[in-house]
Amino acid sequence: MAIDPAVIGTVLPCTDLLVDRSRLRLFAKATGATDPVYTDIAAARAAGYPDLPVPPTFLCALHNEQPDPLSWIAELGVDLSRVLHGEQSFEYKSMAFAGQYLTARSRITDVYQKKGGALEFLTRATTVTGPDGRTVAELTDIAIIRHEEQR
């Protein structure tokens, strides 16, 4: 069943995250980031940062800070076993560091189909702000829903 395009513009629940050093170190290790500014406070300060900087793509973690990070898709009546991660992009506006609270505000920005309706694309845009309200980044992600082929 196709998603009703009326969902475009739907504002999703806000997510807050305290960025702590242990999370940043774990993320750096998991992603193979070897620059010591992501794991060593002295190296970060020597590079001119006030604390460990948030590594690229860490902001994806904000979407996973909910008990059910895919609930926004499930609430549209989508069978989650048919969902694929399609695309993710980041546009960075300012830096974030350990010890800061970040807030993610998301909304659904597009729904469209391809392959005669066999694939449906659901786009979410997220603005991440820092403790002073400044924009840290704009994120866009696309979920792909596989539908039964039409015969």
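Since the model is a prediction, treat every value here as computed from it, not as a measurement.
Judged as a side-chain hydrogen bond (donor to acceptor under 3.5 Å, both in side chains), not a single pair has a partner in residues 29-48 (not counting sequence neighbours).
Clustering ILVMFWY residues whenever any of their side-chain heavy atoms sit less than 4.5 angstrom apart, transitively, puts Leu84 in the very cluster that holds Phe121. Taking hydrophobic clusters as Ile, Leu, Val, Met, Phe, Trp and Tyr residues chained together by side-chain heavy-atom distances below 4.5 Å, Val83 shares a cluster with Leu70. Placement of Ile73 and Ile3 within a single hydrophobic cluster is found when ILVMFWY residues are connected by side-chain heavy-atom separations under 4.5 Å, directly or transitively.
Atom CZ of Arg107 is surrounded by 12 or fewer heavy atoms from other residues, nucleotides or ligands within 6.0 Å. The environment of Tyr101 atom OH is sparse: at most 12 non-hydrogen atoms of other residues, nucleotides or ligands sit within 6.0 angstrom.
Note on ring orientation: taking the six-membered ring where Trp is involved, the planes of Tyr49 and Phe97 are tilted (angle from 30° to 60°).
Across every non-hydrogen atom of Pro55 and Phe27, the tightest pair is CG-CD2, 3.8 Å. Met95 and Gln100 get closest at one heavy-atom pair: O-OE1, 4.5 Å. Among all heavy-atom pairs drawn from Tyr92 and Ala137, the shortest one is CD2-CB, 4.0 Å. Shown here for Ile8 and Val111, the closest heavy-atom pair between the two residues is CD1-N, 3.8 Å. Residue Leu119 comes nearest to Ile144 through the heavy atom pair CD2-CG2, 4.0 Å, listed as atom of the first residue, atom of the second, then distance.
Counting heavy atoms from C-beta on, the side chains of Gln88 and Leu139 come closer than 4.5 Å. A heavy-atom distance below 4.5 Å is found between the side chains of Glu120 and His147. Residues Asp141 and Glu87 form no side-chain contact, since every pair of their non-hydrogen atoms from C-beta on lies 4.5 Å or further apart.
For Arg146, the salt bridge (charged side-chain N to carboxylate O under 4.0 Å, His left out) test picks out no residue, with sequence neighbours left out.
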Below 3.5 Å, can you tabulate the donor-acceptor pairs from side chains in residues 11-22 to any protein atom, sequence neighbours excluded?
{"unit_1": "Thr15", "atom_1": "OG1", "unit_2": "Gln66", "atom_2": "NE2", "d": "2.8"}
{"unit_1": "Asp16", "atom_1": "OD1", "unit_2": "Thr103", "atom_2": "OG1", "d": "2.6"}
{"unit_1": "Asp20", "atom_1": "OD1", "unit_2": "Ser22", "atom_2": "N", "d": "3.2"}
{"unit_1": "Asp20", "atom_1": "OD1", "unit_2": "Ser22", "atom_2": "OG", "d": "2.8"}
{"unit_1": "Asp20", "atom_1": "OD1", "unit_2": "Arg23", "atom_2": "N", "d": "2.8"}
{"unit_1": "Arg21", "atom_1": "NE", "unit_2": "Asp51", "atom_2": "OD1", "d": "3.0"}
{"unit_1": "Arg21", "atom_1": "NE", "unit_2": "Asp51", "atom_2": "OD2", "d": "3.4"}
{"unit_1": "Arg21", "atom_1": "NH2", "unit_2": "Asp51", "atom_2": "OD2", "d": "2.8"}

